[in-house]
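Single-structure report; data block below.
Remember, predicted model here, so these are calculated numbers, not experimental data. Convention: sequence-line order gives letters A, B, ...; per-chain numbering from 1.
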Protein chains: 2
Amino acid sequence: MYELFFQKFNEKVALSPQEQEQIKVYLTPKKLRKRQYLLQEGDVCKSIAFVEKGALRAYTVDENMNEHIIQFAIESWTISDLFSYLTAEPATYNIDSLEDAELVLITRSAHEELLRTQPKYETYIRLLITGAYIALQRRLSSNISQPAEERYTRFTDTYPAIAQRVPQHMIASYLGLTPETLSRIRKKMAERR
Amino acid sequence: MYELFFQKFNEKVALSPQEQEQIKVYLTPKKLRKRQYLLQEGDVCKSIAFVEKGALRAYTVDENMNEHIIQFAIESWTISDLFSYLTAEPATYNIDSLEDAELVLITRSAHEELLRTQPKYETYIRLLITGAYIALQRRLSSNISQPAEERYTRFTDTYPAIAQRVPQHMIASYLGLTPETLSRIRKKMAERR
DNA sequence: TTTCTCCCTTGATAAATGTCAAGGTTCTTT
DNA sequence: AAAGAACCTTGACATTTATCAAGGGAGAAA
């Protein structure tokens with residue numbers, strides 16, 4: 001258990017076996033069924049979730065009941081409503097599972113304790129968030145500067161594993177498009193070759 | 001000098017006078033004239049810039065020579081091409097000054113040295129990037145889920161100081177709109193009241 | 001198997017946004 | 001003061017994207 005978690009941790013910051021044991025104590029495993037919620041809007045986000053297996057999404061729901069996908073997370077990715085997690089304010093995102101999933105949770109109190117006692121954990125978190133920030137900046141850049149078809153191509157090129165695993169209407173939502181529009185874009189692309 | 005920088009640093013992580021002096025050694029002041037580049041696409045981003053005074057922007061230029069603004073930075077904000085800064089790869093963003101500006105620079109070697117020697121610096125950076133990540137996620141969420149007028153309203157509500165200081169066509173660019181479209185949106189809003 | 005969701009596609013039409021072109025204002029530079 | 005640059009606005013028109021409505025297929029559940 002936690003194999004993938006510690007593999008990825010060690011890729012960022014090398015841990016001694018002892019350090020690894022010390023950190024392990026603060027981790028909580030959790031299984032999630034397909035369609036099950038990890039977090040619902042309005043609740044406080046109680047943990048960061050590292051995905052050992054499965055696929056999840058974070059999304060908002062607008063006044064017309066349309067879902068807007070903020071993030072996908074598959075194996076070795078981390079997902080949460082970070083603002084809610086850090087401030088204990090009500091979450092603005094929903095997080096649910098797209099497949100049966102196995103997660104490694106770090107609760108807020110564990111997080112705080114790890115930050116206090118394990119300097120390498122702080123480094124891990126810093127690098128984790130830095131990487132997420134850079135990826136998000138690129139996605140935003142694509143969103144404000146590219147037309148829909150190029151955004152779609154960028155997505156499938158950047159995240160082929162996700163593109164194959166999640167329903168198309170969710171990719172549309174992630175890109176800020178309606179399912180109909182994405183369907184038509186794909187048709188045009190297919191006709192061109 | 002560095003007053004605002006240390007004020008903001010202390011708001012995130014409290015420093016003793018000695019720690020402050022130790023950190024000060026690694027900082028470089030820099031003045032920038034309006035329209036002057038801090039970074040040009042293709043160069044390596046050599047420093048993070050904290051804005052003591054003035055206003056800057058980071059942006060990309062697409063094949064049609066259209067500019068797309070990734071970020072604004074006014075007093076107390078930090079700006080850089082983080083990916084280029086951390087990896088020493090060529091920058092994909094341009095950064096230039098919208099007004100005469102006074103900056104505090106942290107070069108990559110200073111950054112690495114500070115990370116090695118000053119645990120509070122790592123905490124500062126972690127909190128800085130976490131805040132930037134959360135803000136960026138909200139901007140993205142707005143971009144994929146809201147129509148242009150609501151995005152504009154959100155922007156002016158969230159960043160009134162920036163909205164007053166930068167040209168409208170740059171706000172349009174930040175929002176992913178043409179200047180003409182933003183002009184028409186503003187006209188409609190004005191006619192409604 | 002049958003039924004029921006969920007998902008994708010397609011058509012017709014409407015709405016939003018972009019493009020191109022022109023003119024006018026303000027501010028900066030000479 | 002004059003010239004130039006940057007910026008904003010407006011109009012006419014094209015393109016992109018959304019909305020509404022319908023139908024079909026694949027896979028899950030009964």
- line: Bend of the helix from C:dT1-D:dA30 to C:dT30-D:dA1 from end-axis comparison, five pairs per end, nearest 10°, comes to 50°

field: Closest nucleotide among C:dC8, C:dT17, D:dT9 to the B:P147 side chain
entry: C:dT17

- request: Whole angstrom is fine here: how far is it from CD in B:E99 over to P in C:dT28?
  value: 12 Å

- line: Heavy-atom nearest nucleotide on DNA chain C taken for B:K188 and for B:N64; more 5' hit belongs to B:K188

query: Which nucleotide, D:dT19, D:dT17, D:dT10, lies nearest any side-chain atom of B:K187?
result: D:dT10

- request: Return the nearest nucleotide to the side chain of A:R35; candidates are C:dC6, C:dC8, D:dA18.
  value: C:dC6

d(CG, A:L98; P, C:dC6) in whole Å: 14 Å

- prompt: Any idea which of C:dT17, C:dG11, D:dT10 is nearest the B:R184 side chain?
  reply: D:dT10

task: Mind calculating the distance between NZ (A:K34) and C1' (C:dT5) to the nearest angstrom?
output: 11 Å

query: So which nucleotide from D:dC7, C:dT10, D:dT17 ends up closest to the side chain of A:S183?
result: C:dT10

query: Can we say B:E113 and B:R116 salt-bridge, meaning some charged N sits less than 4.0 Å from an Asp/Glu carboxylate O?
result: yes

field: Test item: side-chain donor near acceptor, B:E122 and A:T123, under 3.5 Å
entry: yes

Length of the CD-P vector between B:E191 and D:dT10, whole Å: 8 Å

message: If the test is ring pair (Phe, Tyr, Trp, His ring centres under 6.0 Å), which one of A:F72, A:W77, A:Y152 qualifies with A:Y159?
response: A:W77

task: Take atom CD of A:Q146 and atom P of C:dG18, then tell me their distance rounded to the nearest Å.
output: 15 Å

- prompt: Can you tell me how far P of C:dT17 sits from CG of B:N66, to the nearest Å?
  reply: 17 Å

message: Please report the distance, rounded to the nearest Å, between CE in A:M189 and P in D:dT16.
response: 15 Å

- prompt: Run the side-chain hydrogen bond (donor to acceptor under 3.5 Å, both in side chains) check on B:R57 and B:Y174 step by step: do they pass?
  reply: CA-CA 10 Å; B:R57 62 172 179 163; B:Y174 179 95; over 6 Å; no

- request: Could you tell me whether the side chain of A:R151 reaches within less than 4.5 Å of the side chain of A:N143, counting heavy atoms only?
  value: yes

message: Do the side chains of A:K188 and A:E191 get close enough for a salt bridge, i.e. N-O under 4.0 angstrom?
response: no

